[in-house]
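Take a look at the structure below.
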2 protein chains.
Amino acid sequence: MISQTEENYLKALWNLTSTKGEASVNELSKQLDIKMPTVNSMMKRLAEKGLVNYESYKPLKLTDKGKKLAALIIRKHRLTEMYLVEKMGFGWEEVHDIAEQIEHIQSPAFFEKMDELLGYPKIDPHGSPIPDKNGKVETEQYIRYIKLSDCKEGDTVTFMAVSHSSDELLKFLNSRDLALGSKIKVKSIEPFDESMTVSYASRKAEMLSNKVCDKLLVRPV
Amino acid sequence: MISQTEENYLKALWNLTSTKGEASVNELSKQLDIKMPTVNSMMKRLAEKGLVNYESYKPLKLTDKGKKLAALIIRKHRLTEMYLVEKMGFGWEEVHDIAEQIEHIQSPAFFEKMDELLGYPKIDPHGSPIPDKNGKVETEQYIRYIKLSDCKEGDTVTFMAVSHSSDELLKFLNSRDLALGSKIKVKSIEPFDESMTVSYASRKAEMLSNKVCDKLLVRPV
DNA sequence: GTAATAAGTTAGATGATTCTAACAAAATCA
DNA sequence: TGATTTTGTTAGAATCATCTAACTTATTAC
């Protein structure tokens, strides 16, 4: 059996390794806000359980078993977020903390029911893909998304997802009426700080800092 | 702060003390399937926190603070059960184990939303009262319910609640189409084992053992 | 009203999850 | 390349929630 604590380590590791494929004890420690020695011994334990490849002074990797398990936790998290938004009327900026707790519920029937009631969604309210029941992630189109900050003047793109969303960022986007699916046109880019002036829907000219643009994943129209 | 474990002790104590007002370490130990010494030390801890009145060799009682806290956990449990049945389509026999986990979620907004979506229900799917936001329980009519096993031949009653329901009992009731609200007529009582033959809705003559009748709470029509 | 049984308590151990302090290895910088 | 900084590891302690074994108090049964 796997504890909630262990689940949290797996999930954090899954997130950290999604790009590079590996992560350090230090990164994991910072991500979880848990001291390095604690992380170190947990890694040994997860290695014992066949979920992590751990060797002294080497980067951490999830085993296939660990990856699958982590993806299934992420699946529960993202399904929950979608359920909270679609069926309970929460805002996309409110659901993370609740999902963080509900993802640990042990009840296949519960998540099965959510999935069914939602019509088997492929993405969560922030545009992130929901892993399937086998822990497989639909990366096909997702990985093709680019950052708004990498677009050029004159580009027109569709806002597809928010990466590493925080409450604050989501509230900011709410305040600007910037929702998933919006068609965004890059009107100009300020050379000094790389801030963008964009237009979309009812907004003729909105200024977005580079820090914001870096978090918005878009697809060329 | 109070841990999930502590919440479970409080809840069990609340259930045990609901009738007599007090409970023994031994009863609590059996209820939770946790050995007496463990229960004993937990009682000392909860006494430290002002939730339980504990004195050596004396019966256990919840303090007012403990009662309120326990009732609020029961509230979360019962609201969840109602939500699972009403909004997600689960059967009343399936919801206990899920609610047992969800009751520990820390998110006032989450339960607030459930309550709102359900239209502020007063009872759960098994007919038990849902404590209000202040931990007050609507006992007015609930305590007036009597057991079906205490009825006489010829009595006609309404099935209002199931006490201490188990999955097995609920599945049994499902199999006999016996649902809350059913008007039940006691046709005869077998003197030997006190089993009852009753009629209700489409059923002309169903035999119910005393063990079953003892769990069904009814109100005279 | 003792003797036997049940219930309650104390003491000490274990495993999980965390920490700090101290040391070792790797990476970076000058 | 050698010194410094960062990262990783080991050792040892703390807390929580649990246990078993042994002892004490209360209750029940003759």
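A, B, ... follow the sequence lines: proteins, then strands. Residue 1 opens every chain.
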### Message
Let's see if you can work this out: which of D/dT10, C/dC19, D/dG8 has an atom nearest to the side-chain heavy atoms of A/Lys44?
### Response
D/dT10
### Message
Just N and O in the side chain of A/Ser24: are any of them under 4.0 Å from OP1 or OP2 of D/dT7?
### Response
no
### Short side-chain N/O contact to D/dA17 OP1/OP2 from B/Ser41, under 4.0 Å
no
### Task
Take atom NZ of B/Lys35 and atom C1' of C/dG12, then tell me their distance rounded to the nearest Å.
17 Å
### Query
Side chain of B/Ser3: nearest nucleotide among D/dA17, C/dT18, C/dG8?
D/dA17
### Distance test, side-chain N/O of B/Arg45 to OP1/OP2 of D/dT15, below 4.0 Å
no
### Query
Among D/dA11, D/dG8, D/dC19, which nucleotide sits nearest the side chain of A/Val25?
D/dG8
### Query
Of the candidate nucleotides D/dT7, D/dA17, C/dG8, which contains the atom at the shortest distance from the side chain of B/Tyr57?
C/dG8
### Task
Would you mind classifying the nucleic acid contact of B/Thr5 as base, sugar-phosphate or nothing, using non-hydrogen atoms under 4.0 angstrom?
sugar-phosphate
### Query
Is the shortest distance from a Lys or Arg side-chain nitrogen in A/Glu94 or B/Lys113 to a carboxylate oxygen in the other one below 4.0 Å?
no
### Task
Would you please confirm or rule out a distance under 4.0 Å between OP1 or OP2 of D/dG8 and any side-chain N or O of A/Ser56?
no
### Message
I want to check something: taking the side chain as every heavy atom from C-beta on, are A/Asn210 and A/Asp193 in contact at a cut-off of under 4.5 Å?
### Response
no
### Query
Should we count NZ of B/Lys20 as having more than 12 external heavy atoms under 6.0 Å?
yes
### Task
For B/Glu55 and C/dT9, give me the distance from atom CD to atom P, rounded to whole Å.
11 Å
### Task
From the options C/dT18, D/dC19, D/dT10, select the nucleotide whose nearest atom is closest to the side chain of A/Thr38.
C/dT18
## Note on the structure
A/Gln4 CD to D/dA17 P, in whole Å, measures 13 Å
### Query
Between D/dT7, C/dT18, D/dT18, which one does the side chain of B/Tyr9 approach most closely?
D/dT18
### Query
Between the main-chain N or O of B/Ile189 and the side-chain N or O of B/Glu153, is there a donor-acceptor pair closer than 3.5 Å?
yes
### Message
Go nucleotide by nucleotide along DNA chain C from the 5' end; which of A/Ile34 and B/Asn26 gets its closest nucleotide reached first?
### Response
B/Asn26
### Task
Starting from P on C/dG8, measure out to CE on B/Met36 and report it in whole angstrom.
6 Å
## Note on the structure
A/Leu28 CG to D/dT6 P, in whole Å, measures 20 Å
#### Entry: Nearest-nucleotide pick for A/Asn40, side chain only, options being D/dA17, D/dT7, D/dT9
D/dT9
### Task
For the residue pair A/Asp124 and A/Trp92, confirm or rule out a side-chain donor-acceptor distance under 3.5 Å.
no
### Task
Take the protein atom CE of B/Met1 and the nucleotide atom C1' of D/dC16, then report the distance between them rounded to whole Å.
16 Å
### Salt-bridge criterion met for A/Lys147 and A/Asp150 (N-O under 4.0 Å)
no
### Message
In whole Å, I'd like the distance from the CE atom of B/Met43 to the C1' atom of C/dT10.
### Response
17 Å
#### Entry: Integer-rounded Å distance: C/dA16 P and A/Asn8 CG
17 Å
